[in-house]
*Asks:* 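First, the structure itself, so that you have it in front of you.
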Amino acid sequence: MSMKETELKIKILGDGCLRKKSNLVQKFTDERRQVLSRMARIMYESSGIGLAAPQVGINEMMIVVDAGSGLYKVINPKIVKQEGSQSMEEGCLSVPGICIKVKRAKKILVEGLDEFGSAVKIEAENLLACVFQHEIDHLKGKLIIDHASFLDKIKISSKLKELRKRARSQKLSESERKTCQLQL
Ligand code: ZN
């Protein structure tokens, strides 16, 4: 897969890469560090607080997160402990215009690697825990709509059809981007 900057754009529901399981990263190259930096830039430019590599068309286990307490770039992230539960209204940069209440663990321990291949451990709770779980879902090909209740599914069905139809053109309005406060 090519990682040229010109090709790094947020992919929208309907694009196959969002549903693929991402591969473990085994080499820590300058190219991957550049991708992580570009991902962070795209996340900030989109007013997002998290972004996973499949969202820019790269099926590798890499995420960036900034929920207000600084930027994390994590490779091969894995949740090794979790406790409690919380529900937040989540939006997704790849599923614009849709907001779903998702139940997740309240406190988690994430293990992974930094961009140079060194082990990192991150304890996260509340919003930060929510963001990490959302991004790690992306690496498994899982999206917020998979957490939708039966009623949610009815409510969002026409919007989803419309999004899938427009996935090729990738055209989005500003208002669609900002339906939900949390964009991940
Ligand atoms: Zn997302």
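For ligands, and for the atoms within them, numbers begin at 1 and follow the listed sequence.
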*Asks:* Are any N, O or S atoms from L143 nearer to the Zn ion (ligand 1) than 2.8 Å?
*Replies:* no
*Asks:* Tell me whether R104 contacts the main-chain N or O of A129 through its side chain, where contact means a donor paired with an acceptor under 3.5 Å.
*Replies:* no
*Asks:* With the Zn ion (ligand 1) at the center, what angle do NE2 from H138 and O from L184 span, rounded to 10 degrees?
*Replies:* 140°
*Asks:* What atom name does the N, O or S atom of H134 nearest to the Zn ion (ligand 1) carry?
*Replies:* NE2
*Asks:* Given side chains that start at C-beta, do those of D137 and Q133 come closer than 4.5 Å, heavy atoms only?
*Replies:* no
*Asks:* Is it the case that the side chain of Q86 and the backbone of A105 share a donor-acceptor pair, with hydrogens and angles ignored and the cut-off at 3.5 Å?
*Replies:* yes
*Asks:* Quick one, N59 and S22 - any side-chain contact, counting heavy atoms below 4.5 Å?
*Replies:* yes
